[in-house]
Amino acid sequence: QQQVKQSPQSLIVQKGGISIINCAYENTAFDYFPWYQQFPGKGPALLIAIRPDVSEKKEGRFTISFNKSAKQFSLHIMDSQPGDSATYFCAATDSGSARQLTFGSGTQLTVLP
Amino acid sequence: NAGVTQTPKFQVLKTGQSMTLQCAQDMNHNSMYWYRQDPGMGLRLIYYSASEGTTDKGEVPNGYNVSRLNKREFSLRLESAAPSQTSVYFCASMIGGASYEQYFGPGTRLTVT
């Protein structure tokens with residue numbers, strides 16, 4: 001049972017454009033929603049994370065938007081750059097599960113120069 | 001600090017062979033995790049260790065065993081490898097407490113023929 005659904009599977013954006021990746025979750029006990037970035041041949045690395053008490057979090061060009069009532073959250077990458085080309089995973093966890101992460105299926109982002 | 005290290009980086013096994021994947025972290029983290037990554041499926045949790053001396057099953061534990069050797073080391077064993085276990089395996093660690101951030105190793109690419 002996939003508890004975190006991620007879309008799109010792949011995304012191609014021109015340099016300078018906005019990249020948007022969406023995730024939806026089912027488990028209302030989730031209370032931490034991170035996004036991980038993974039480059040080929042490397043392990044995932046935390047990019048940005050949000051807790052459900054806020055609707056938006058911004059760090060540089062990266063923004064998470066969170067809609068608790070719809071059980072959805074999204075990653076926006078402003079002014080996308082070729083160096084942003086990577087696979088992005090959304091995830092979710094709750095404090096009562098030894099912080100097990102449930103991951104989405106991933107989005108392969110390609111930013112064209 | 002080396003962070004999270006994994007050995008080996010690559011491994012090819014024949015069906016029925018056994019092997020142990022090694023993971024170590026030097027960040028004094030309490031919790032450690034083993035994930036497998038398959039195309040289109042994100043990362044799925046195999047086993048985790050919330051603290052030294054404890055281990056628990058994750059989403060896909062069948063065919064695997066783990067050992068939390070000490071606070072630093074968490075190994076994953078395949079007793080009788082099957083082609084379905086062909087995957088990239090990632091180890092991760094987390095300090096715990098108020099932090100939810102997991103740090104990932106570089107991965108082990110395993111092929112079972």
Side-chain angles (χ1 to χ4, degrees), chain A residues 1-11 21-27 29-53 57 59 64 75 86-108, chain B residues 2-7 9-10 21 23 25 27 29-61 66 68 74 88-109:
Chain A
Q1 180 184 1
Q2 186 180 13
Q3 296 190 51
V4 179
K5 294 184 178 181
Q6 183 172 347
S7 63
Q9 186 174 1
S10 63
L11 181 61
I21 305 171
N22 300 300
C23 285
Y25 64 96
E26 300 169 4
N27 186 346
F30 288 150
D31 62 359
Y32 175 77
F33 301 88
W35 285 89
Y36 279 80
Q37 181 187 54
Q38 184 181 30
F39 293 105
K42 305 291 186 182
L46 180 66
L47 182 64
I48 186 173
I50 196 168
R51 295 184 187 273
D53 53 345
K57 183 174 182 180
E59 291 184 0
I64 299 179
L75 176 69
T87 300
Y88 293 81
F89 294 95
C90 62
T93 188
D94 67 81
S95 59
S97 64
R99 319 273 174 89
Q100 299 176 55
L101 285 170
T102 298
F103 282 87
S105 55
T107 297
Q108 187 168 352
Chain B
V4 179
T5 57
Q6 294 183 235
T7 56
K9 293 187 184 302
F10 301 94
L21 281 64
C23 174
Q25 52 89 11
M27 298 175 283
H29 285 178
N30 293 306
S31 302
M32 298 185 74
Y33 308 82
W34 275 105
Y35 295 90
R36 60 177 288 172
Q37 183 175 24
D38 302 293
M41 301 190 73
L43 288 90
R44 293 179 292 168
L45 184 65
I46 304 171
Y47 271 93
Y48 65 97
S49 172
S51 61
E52 185 179 359
T54 68
T55 61
D56 284 288
K57 296 178 180 179
E59 181 185 354
V60 288
V66 291
R68 184 75 182 266
F74 189 39
V88 181
Y89 292 85
F90 288 99
C91 177
S93 69
M94 182 182 70
I95 191 166
S99 172
Y100 284 55
E101 181 175 357
Q102 293 188 19
Y103 293 79
F104 284 79
T108 294
R109 183 173 294 274

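A note on names: the letters A, B, ... follow the listed sequences, proteins ahead of strands, and every chain is numbered from 1.
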For B:Gly40 versus A:Ser105, what's the shortest heavy-atom pair and its separation? O-CB, 3.4 Å
Ignoring hydrogens, what is the shortest heavy-atom contact between B:Phe90 and A:Gly43? Give both atom names and the distance.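 Nearest pair, atom of B:Phe90 first, then A:Gly43: CE2-CA, 3.3 Å.
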Which region of B:Met94, side chain (C-beta onward) or backbone (N, CA, C, O), has a non-hydrogen atom less than 4.5 Å from a non-hydrogen atom of chain A, or is it both or neither?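 Only the side chain of B:Met94 comes within 4.5 Å of chain A.
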Proximity breakdown for B:Leu45 and chain A, heavy-atom pairs closer than 4.5 Å: side chain
So which part of A:Pro44 gets closer than 4.5 Å to some heavy atom of chain B, the side chain, the backbone, both or neither?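 For A:Pro44, the contact with chain B is made by backbone and side chain together.
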Using a 4.5 Å cut-off on heavy atoms from C-beta on, say whether the side chain of A:Leu101 contacts that of B:Tyr33.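 B:Tyr33 vs A:Leu101: side chains apart.
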Using a 4.5 Å cut-off on heavy atoms from C-beta on, say whether the side chain of B:Gln37 contacts that of A:Phe103.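 SC-SC contact between A:Phe103 and B:Gln37 ruled out.
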Neighbourhood of chain A inside residues 100-109 of chain B, taking heavy atoms under 4.5 Å as contact: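 Hits under 4.5 Å: B:Tyr100, B:Glu101, B:Gln102, B:Phe104, B:Gly105, B:Pro106.
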How long is the span from the CG atom in B:Asn30 to the CZ atom in A:Arg99, to the nearest 0.5 Å?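 Answer rounded to 0.5 Å: 10.0 Å.
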In terms of heavy-atom pairs under 4.5 Å with chain A, the winner among B:Lys9, B:Met41, B:Arg44 is B:Met41
So which residue, A:Gln38, A:Gln108, A:Gln9, A:Lys42, ends up with the most heavy-atom pairs under 4.5 Å with chain B? A:Gln38
